[in-house]
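Heads up: numbering here begins at 1 and tracks the sequence. Only heavy atoms go into these numbers, but all of them, side chains included; no hydrogens, no water, no symmetry mates.
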Amino acid sequence: MPLDPQRFLDDLHKLRSFGASGVGKGVMRQAYSDADIAARRWLAGRMEEAGLEPHFDPLGNLFGLAGERSMLVGSHSDSQPEGGWLDGALGVVAGLEVARAAREAGGPPISCVSFQDEEGRFGVLTGSDVWTGKLALEEADGFTDTTGNTLAEMRGKMAGFTGNFLPHNRFSGFLEMHIEQGPYLEETGLGLGVVTDIVGIRDMRISFEGRQNHAGTTPMHLRRDAFQALSAFNTALNSRIAEVVNPATVWTIGHVALHPNASSVVPGRVEFSMQWRDADADRLARMQTLIRETAQEIAADHNVTAELGTVMGIEPAAMDARFQAELAAAAEALAPGKWQKMPSGALHDAANLATVMPAGMLFVPSIGGISHAFDEDTDEADLVLGLQVLDSAARALAG
């Protein structure tokens, strides 16, 4: 097929201009932001120019359709609040180039996609969660971001150019190319990773409610300090959870909102995010039990109340064996000995897609293992190699 690496790179850099941070190659393109919506409209135009049919569904997932049944290739184009230029965007533009080249060559039919809100401004993998049927749109509409905006309100910004949800059986399978977002490929000198499985994730919000009071006149033994409860929770959890985890397990307190957040006031309330990831569903459940028990015990010890939010997440997902084989064959043909099968410690839309169709995933290296940061980057030669391997596997699977 007439794959055009320079066209691919040009489109990738153009997509970076939507929400460019002004710092390195960083982007600020959160789901439903003005930059995100502008980028999706531009992508829709590029799809149409390529002879594909652009289709926005009610959530804002954008498909570039080729025929009534096709292979689907893509990722997401939204970013973290302070994100990198390749996270998700690489897979979207690679999908566009593979689909465009296939159409120029007269087949096989390949469609592309940019899923909405993979980064979790609302929920977890929101766009593919809803499209695959894991999450009802009506429930998702009630989700709020960290500043109180609801998903329903943000979806309203896209009113006028969204249509119906596409049926899953319109596609024969899904391929996603992504940066590794970790250091393994670079450290080992490998150029490609064929993903075997994607870890499961759990995410919840926890709050401790104490008593706001004067920082100068309230004795320490009488304080109901919400932040002290959070600090104690973090220390206790790290100790207790060590009994059930393995070296690949991770857990993170990532977002903390302290009230009233003033230097001379004993904090009366703290709300924080709690996220944990592992490839074993039973271990995820044991960790959830420990997190809940620890929060309740710490609350009692510090004379505060604990409020435990809804646990959201996704199950560990294995990639399809045939898709792995085709990606491996293409990797060996184009980069002999420079690839390896590996799990994904990060969450991706492919995990959701694997529940409704065969799915496969390909990694390219991340310089310094850095992602979710303005200095996220990958050598352009590695990007092009990944595109070529993705293209070869997509052709084989679509044919």
Student: Nearest heavy-atom pair of Phe208 and Ala299: which atoms, and what distance?
Tutor: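 Closest approach of Phe208 to Ala299, heavy atoms only: CE2-CB, 4.1 Å.
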Student: CD of Gln388 to CG of Leu192: how many Å apart, nearest 0.5 Å?
Tutor: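 Answer rounded to 0.5 Å: 10.0 Å.
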Student: side-chain contact (heavy atoms from CB on, under 4.5 Å), that's the test. Do His214 and Val266 meet it? Break it down for me.
Tutor: CA-CA 6 Å; His214 196 291; Val266 175; over 6 Å; no
Student: For Arg40 and Ser114, indicate whether the former's side chain and the latter's backbone hold a donor-acceptor pair under 3.5 Å.
Tutor: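 Side chain of Arg40 to backbone of Ser114: a pair is present.
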Student: Main chain of Ser207, side chain of Glu271: is a donor-acceptor contact present, judged purely on distance under 3.5 Å?
Tutor: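 Pair absent, no side-chain N/O of Glu271 close to backbone of Ser207.
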Student: Could you check whether any side-chain N or O of Glu97 sits under 3.5 Å from a backbone N or O of Asp4, counting only pairs where one atom can act as donor and the other as acceptor?
Tutor: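 The answer is yes, because a donor-acceptor pair under 3.5 Å joins these two groups.
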Student: Can we say Arg29 and Asp36 salt-bridge, meaning some charged N sits less than 4.0 Å from an Asp/Glu carboxylate O?
Tutor: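 No, this pair does not count.
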Student: Under the salt bridge (Lys or Arg N to Asp or Glu O under 4.0 Å) rule, collect the residues that match up with Asp141, sequence neighbours excluded.
Tutor: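 In terms of salt bridge (Lys or Arg N to Asp or Glu O under 4.0 Å), with neighbours along the sequence ignored, Asp141 is linked to Arg155.
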Student: Enter the distance from Ser79:OG to Phe18:CZ here, rounded to the nearest 0.5 Å.
Tutor: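 It comes to 13.5 Å.
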Student: When rounded to the nearest 0.5 angstrom, what is the spacing between SG in Cys112 and CG in Leu175?
Tutor: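 Going from the SG atom of Cys112 to the CG atom of Leu175 covers 13.0 Å.
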Student: Please check if the side chain of Glu186 supplies one atom and the backbone of Gly368 the other of a donor-acceptor pair under 3.5 Å.
Tutor: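 Side chain of Glu186 to backbone of Gly368: a pair is present.
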Student: What distance separates Phe171 CZ from Leu72 CG, expressed to the nearest 0.5 Å?
Tutor: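 Output value for this atom pair is 5.0 Å.
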Student: How close do Ala393 and Leu327 get, heavy atom to heavy atom, and via which atoms?
Tutor: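 Minimum heavy-atom contact is CB-CD2, 3.6 Å.
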Student: To the nearest 0.5 angstrom, please state how far the CD atom of Glu376 sits from the OG1 atom of Thr378.
Tutor: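 Answer rounded to 0.5 Å: 7.0 Å.
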Student: Hey, what do you get for CG (Leu362) to CD (Glu326), rounding to the nearest 0.5 Å?
Tutor: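 Nearest 0.5 Å value for the CG-CD distance: 13.0 Å.
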Student: For the residue pair Ser231 and Asn234, confirm or rule out a side-chain donor-acceptor distance under 3.5 Å.
Tutor: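 Ser231 vs Asn234: no donor-acceptor pair found between side chains.
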Student: Tell me, please, which residues at least two apart from Ala346 pass side-chain contact (heavy atoms from CB on, under 4.5 Å).
Tutor: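 Testing Ala346 for side-chain contact (heavy atoms from CB on, under 4.5 Å), a comparison that skips the adjacent residues, returns Gln181, Arg277, Ser344, His348.
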Student: Any luck finding a side-chain donor-acceptor pair between Glu153 and Tyr32 under 3.5 Å?
Tutor: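 Absent: no donor and acceptor within the cut-off.
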Student: Can you name the residues that form a side-chain contact (heavy atoms from CB on, under 4.5 Å) with Met204, not counting sequence neighbours?
Tutor: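 Scan of Met204 (side-chain contact (heavy atoms from CB on, under 4.5 Å), adjacent residues dropped) gives Ile206, Met274, Trp276, Ile291, Arg292, Leu308, Val311.
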Student: Would one find more than 12 heavy atoms of other residues, nucleotides or ligands at under 6.0 Å from atom NZ of Lys338?
Tutor: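 12 or below, so no.
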Student: Determine whether Ile298 and Val256 fall in the same hydrophobic cluster, where Ile, Leu, Val, Met, Phe, Trp and Tyr are linked whenever their side-chain heavy atoms lie under 4.5 Å apart.
Tutor: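 Yes.
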Student: Write out all pairs satisfying salt bridge (charged side-chain N to carboxylate O under 4.0 Å, His left out) with one or both partners inside residues 42-57, taking only residues at least two apart or from two chains.
Tutor: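 Residue pairs with at least one partner in residues 42-57: Asp11-Arg46, Arg46-Glu49.
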Student: Under the 3.5 angstrom rule, does the side chain of Arg121 hit a backbone N or O of Ala31 as a donor-acceptor pair?
Tutor: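 Judged by distance alone, yes, a pair lies under 3.5 Å.
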Student: Between Phe8 and Met71, is there shared hydrophobic-cluster membership here, with clusters defined by ILVMFWY side-chain heavy atoms closer than 4.5 Å?
Tutor: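 Yes: a chain of side-chain contacts under 4.5 Å links Phe8 to Met71.
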Student: Cut-off 3.5 Å, side chains only: do His372 and Asp87 have a donor facing an acceptor?
Tutor: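 Yes - a donor-acceptor pair under 3.5 Å links their side chains.
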Student: So do Thr294 and Ile241 actually touch side chain to side chain, heavy atoms under 4.5 Å?
Tutor: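 SC-SC contact between Ile241 and Thr294 ruled out.
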Student: If you take all heavy atoms of Pro108 and Ala102, which pair is closest and at what distance?
Tutor: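 Shortest heavy-atom separation between Pro108 and Ala102 comes out as O-CB, 3.4 Å.
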Student: Using modelled atom types and a 3.5 Å cut-off, is there a donor and acceptor pairing between side-chain atoms of Ser21 and backbone atoms of Val23?
Tutor: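 At least one qualifying donor-acceptor pair exists.
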Student: Check side-chain contact (heavy atoms from CB on, under 4.5 Å) between Asp34 and all other residues, then give those that pass, not counting sequence neighbours.
Tutor: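 For Asp34, the residues satisfying side-chain contact (heavy atoms from CB on, under 4.5 Å) (neighbours in sequence not counted) are Lys157.
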Student: Are Phe115 and Leu151 connected in the hydrophobic side-chain network, where two residues link if heavy atoms are under 4.5 Å apart?
Tutor: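 As far as the 4.5 Å side-chain criterion goes, Leu151 and Phe115 are connected within one cluster.
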Student: Is there a path of hydrophobic side-chain contacts, each under 4.5 Å between heavy atoms, that joins Ile37 and Leu15?
Tutor: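 Linked, Ile37 and Leu15 end up in one cluster.
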Student: Kindly give the heavy-atom pair with the smallest separation between Val98 and Ala394, and that separation in Å.
Tutor: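 Minimum heavy-atom separation between Val98 and Ala394: CG1-CB, 3.9 Å.
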Student: Could you verify whether a donor N or O on one side chain and an acceptor N or O on the other, from Gln275 and Asp203, lie under 3.5 Å apart?
Tutor: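 Yes, side-chain donor-acceptor contact under 3.5 Å.
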Student: Can you tell me if CZ on Phe227 sees more than 12 non-hydrogen neighbours from other groups inside 6.0 Å?
Tutor: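 12 or below, so no.
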Student: May I have the step-by-step check of side-chain contact (heavy atoms from CB on, under 4.5 Å) for Val27 and Gln80, ending in yes or no?
Tutor: CA-CA 8 Å; Val27 297; Gln80 287 287 326; over 6 Å; no
Student: Transitively linked via ILVMFWY side-chain contacts under 4.5 Å: Leu385 with Ile367?
Tutor: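 Different clusters: Leu385 never reaches Ile367 through Ile, Leu, Val, Met, Phe, Trp or Tyr contacts under 4.5 Å.
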Student: Applying side-chain hydrogen bond (donor to acceptor under 3.5 Å, both in side chains), run through Glu332 and Trp339 and close with a yes or a no.
Tutor: CA-CA 7 Å; Glu332 181 61 24; Trp339 66 278; 2.7 Å; yes
Student: Hey, can you tell me if Phe363 and His178 have their rings parallel, tilted or perpendicular (30° and 60° cut-offs)?
Tutor: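 If you compare the ring of Phe363 with that of His178, the planes turn out perpendicular.
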Student: Between Thr305 and Glu209, is a side-chain hydrogen bond (donor to acceptor under 3.5 Å, both in side chains) present by the stated rule, with each step listed?
Tutor: CA-CA 5 Å; Thr305 58; Glu209 185 84 37; 5.7 Å; no
Student: Which heavy atom of Leu390 sits nearest to which heavy atom of Ala94, and what is that distance?
Tutor: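 Closest heavy-atom pair between Leu390 and Ala94: CD2-CB, 3.8 Å.
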Student: Check whether any side-chain N or O of Thr355 sits under 3.5 Å from a backbone N or O of Asn352 as a donor-acceptor pair, and report yes or no.
Tutor: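 Looks like yes, one N/O pair under 3.5 Å.
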Student: Anything under 30° is parallel, anything over 60° is perpendicular, the rest tilted; go ahead and classify Phe272 against Phe233.
Tutor: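 It falls in the tilted class, 30° to 60°.
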Student: Which residue in the set Met342, Met361, Lys341 passes side chain to side chain contact (heavy atoms under 4.5 Å, CB included) when paired with Thr196?
Tutor: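 Of the listed options, the one satisfying the test is Lys341.
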Student: For Asp278 and Trp251, does a side-chain donor sit closer than 3.5 Å to a side-chain acceptor?
Tutor: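 Per modelled atom types, Asp278 and Trp251 side chains form no pair under 3.5 Å.
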Student: Test: salt bridge (charged side-chain N to carboxylate O under 4.0 Å, His left out). Region: residues 294-320. Which pairs qualify, not counting sequence neighbours?
Tutor: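 Salt bridge (charged side-chain N to carboxylate O under 4.0 Å, His left out) check on residues 294-320 returns Arg202-Glu315, Arg240-Glu297.
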Student: Counting N and O atoms only, with roles assigned by atom type, does the side chain of Thr188 sit under 3.5 Å from a partner on the main chain of Leu185, one being a donor and the other an acceptor?
Tutor: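 Judged by distance alone, yes, a pair lies under 3.5 Å.
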Student: Yes or no on side-chain contact (heavy atoms from CB on, under 4.5 Å) for Val304 and Asp225, after CA distance, side-chain angles and deciding distance?
Tutor: CA-CA 8 Å; Val304 301; Asp225 188 324; over 6 Å; no
Student: Ignoring hydrogens, what is the shortest heavy-atom contact between Pro2 and Ala105? Give both atom names and the distance.
Tutor: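 Looking at all heavy atoms of both residues, the shortest contact is CD-CB, 3.5 Å.
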Student: Would you say the side-chain atoms of Asp375 pair up with the backbone N or O of Gly24, donor to acceptor, closer than 3.5 Å?
Tutor: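 It does not hold such a pair.
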Student: Is it the case that the side chains of Gln30 and Asp145 hold a donor-acceptor pair, with the cut-off being a distance below 3.5 Å and no angle test?
Tutor: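 The answer is no; no qualifying pair exists.
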Student: Show your reasoning for whether side-chain contact (heavy atoms from CB on, under 4.5 Å) applies to Leu86 and Leu383.
Tutor: CA-CA 10 Å; Leu86 295 171; Leu383 300 179; 4.1 Å; yes
Student: Using the benzene-type ring in the case of Trp, are the ring centres of Trp131 and Phe165 under 6.0 Å apart?
Tutor: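 Ring-ring flag for Trp131/Phe165: false, centres at least 6.0 Å apart.
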Student: Do side-chain atoms of Ser273 reach the backbone of His255 as a donor and acceptor pair under 3.5 angstrom?
Tutor: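 Looks like yes, one N/O pair under 3.5 Å.
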